[in-house]
**Q** 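Before I ask anything, here is the structure I am working with.
A note on names: the letters A, B, ... follow the listed sequences, proteins ahead of strands, and every chain is numbered from 1. All values below come from the heavy atoms of this structure, side chains included, with hydrogens, waters and symmetry mates left out.
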Number of protein chains: 2
Amino acid sequence: MPPRKHIDRQRVLDVSIALADAHGFEAVTLAAVADQLGIRVPSLYNHISGLPGLRYEMAVWGVHRLGKTIRRAAVGKAGDNAILSVADAYRAFVHEHPGVYALTLRAPAPDQAELIAASQGVLDVVLAILEPYGLSQDAMLHVTRGLRSVIHGFVDLEIAGGFGLALDRDESYRHLIQIFIQGFHAWQRNDT
Amino acid sequence: MPPRKHIDRQRVLDVSIALADAHGFEAVTLAAVADQLGIRVPSLYNHISGLPGLRYEMAVWGVHRLGKTIRRAAVGKAGDNAILSVADAYRAFVHEHPGVYALTLRAPAPDQAELIAASQGVLDVVLAILEPYGLSQDAMLHVTRGLRSVIHGFVDLEIAGGFGLALDRDESYRHLIQIFIQGFHAWQRNDT
DNA sequence: GTATATAAACTAATTATGTTAGTTTGTCAA
DNA sequence: TTGACAAACTAACATAATTAGTTTATATAC
């Protein structure tokens, strides 16, 4: 009776990602995913390890993709230009995948090897673009945390709808990254 | 048969806040709250408007409390010291109420008057401490967005466990706020 | 003091979701 | 052709939120 649909893990993931980005990650219920695929809910378990497993795979996909995106944005750029380019690419990714991005925010557990690897990939890009500034190891980590915070903070408030006002958000972001870069240089002069 | 417990809206809220901050806001189920209070789940509906209503009240409480906290931190301070003080108070609040804070992040809907008022209270504090710098109206809003982003970004990554490394987080935060302040001054010199 | 109105508890039932167990059936490969 | 496996299915169950309708403690009116 059950005619074979050609469904695999990737198709489940595709549908889930689309749902998450369109309606938020809470909208990714097994019922909704199964419905999109034209199968019953328990059939999903042939492809994924329940809802937690699906969310994990979405997170891995998201972090991996984010890393690829900002790495591409960094090639051929140096110094402040690299920071600006990466900041723009990061923001563009989150705008494209707000639902998936929300799933990437919890820190990986020690046993989540794929997610740890993907996260390291993102971190590596940031470390690489800060490399030429010749910071001490600790200073490097502080600045890395700072840059991630600035970018994440703006984008997160933005997708949460936190900037109610009519003022242009692209411009606010440009100013903020500019402030960070200039402050970073001033801080580097003073502090080390 | 049902002996009266002396439960009111405030006690429901207290229990919910404690649960949220201890185990995350997803742990605030009606079952868990009712259990803590020693009543059955449907009895909660005498005090709250379902789970959405409870979450709304938690959000209002959180934003209100956050506003009060940073306002207190700002009195008697001026300029850069005010920014530092508010940044510290904001972070301390989030550390104390991580679960509630997560509920405060979605932007208020137009009909959520209490939440809008409370949010305005938070915004007013930030606007007030930036007042003495003599910025144009637009610049003021850009910088306000920037400062919120910086603070929110750091603490949000922090409570998500995003800073895996052993490096001292207090110090990273100090550096970041310092970078923002110095960058803000440099930006103000250049840009206006 | 007694009666009554109301608030606040309750039980029962419905819906939605995730999950597991066990079953059936295409489909590919020996 | 047949047999193993993958992938669909049905059935059943647990948890959660919600609504409807019922009971009862308690404060207030008389």
**Q** Could you work out which one of C/dA8, D/dT10, D/dA8 sits closest to the side chain of A/Arg40?
**A** D/dT10
**Q** Take the protein atom CG of B/Leu51 and the nucleotide atom P of C/dA16, then report the distance between them rounded to whole Å.
**A** 17 Å
**Q** Taking CD1 from B/Ile7 and P from D/dT26, how many angstroms apart are they, rounded to a whole number?
**A** 13 Å
**Q** Separation of A/Leu30 atom CG from C/dA16 atom C1', in whole Å?
**A** 12 Å
**Q** Is there a donor on the side chain of B/Asn46 or the base of C/dA9 sitting less than 3.5 Å from an acceptor on the other?
**A** yes
**Q** May I ask you to decide whether A/Asp14 forms a salt bridge with A/Arg9, counting only side-chain N to carboxylate O separations under 4.0 Å?
**A** no
**Q** Measure from NE2 on A/His6 to C1' on D/dA8 and round the result to the nearest Å.
**A** 15 Å
**Q** A/Tyr45 side chain N/O closer than 4.0 Å to the phosphate oxygens (OP1, OP2) of C/dT20?
**A** no
**Q** Check the distance between C/dA16's P and A/Glu26's CD and give it to me in whole angstrom.
**A** 19 Å
**Q** Should the ring pair B/Tyr101 and B/His152 be called parallel, tilted or perpendicular, given that the plane angle runs from 0 to 90° and is split at 30 and 60?
**A** tilted
**Q** So A/Thr29, base contact, sugar-phosphate only, or nothing? Heavy-atom distance under 4.0 Å.
**A** sugar-phosphate
**Q** If you check the A/Ile39 side chain, which of C/dT20, C/dA9, D/dA8 turns out closest?
**A** D/dA8
**Q** Could you check how far CZ of B/Arg11 sits from P of C/dA8, rounded to whole Å?
**A** 14 Å
**Q** Verify the contact: side-chain N or O of B/Ser43 to OP1 or OP2 of C/dC10, cut-off strictly under 4.0 Å; return yes or no.
**A** yes
**Q** Can you give me the bend angle of the helix from C/dG1-D/dC30 to C/dA30-D/dT1? Use the axis through the first five pairs and the one through the last five, nearest 10 degrees.
**A** 0°
**Q** Measure from the side-chain heavy atoms of A/Pro42 and tell me the nearest of D/dA11, D/dT18, C/dT17.
**A** D/dA11
**Q** B/Val41: which other cluster members, linking ILVMFWY side chains closer than 4.5 Å, directly or transitively?
**A** B/Ile7, B/Val12, B/Leu13, B/Val15, B/Ile17, B/Leu19, B/Phe25, B/Val28, B/Leu30, B/Val33, B/Leu37, B/Ile39, B/Leu44, B/Tyr45, B/Ile48, B/Leu51, B/Leu54, B/Met58, B/Trp61, B/Val100, B/Leu103
**Q** Grab the CZ-P distance between A/Arg55 and C/dT17 for me, whole Å please.
**A** 13 Å
**Q** What is the distance, rounded to the nearest whole Å, between atom CG of A/Leu44 and atom C1' of D/dC9?
**A** 13 Å
**Q** Judged by atom type as modelled, is there a donor-acceptor pair below 3.5 Å linking the side chain of A/Arg72 to the main-chain atoms of A/Gly67?
**A** no
**Q** Look at B/Asp35 together with B/Arg40 and state whether they make a salt bridge at an N to O cut-off of under 4.0 Å.
**A** no
**Q** For B/Arg65, check side-chain hydrogen bond (donor to acceptor under 3.5 Å, both in side chains) against everything at least two apart and list the hits.
**A** none
**Q** D/dT18, C/dA9, C/dT19: which one has an atom nearest the side-chain heavy atoms of B/His47?
**A** C/dA9
**Q** In terms of the angle between their ring planes, are B/Phe184 and B/Tyr133 parallel, tilted or perpendicular, with boundaries placed at 30° and 60°?
**A** perpendicular
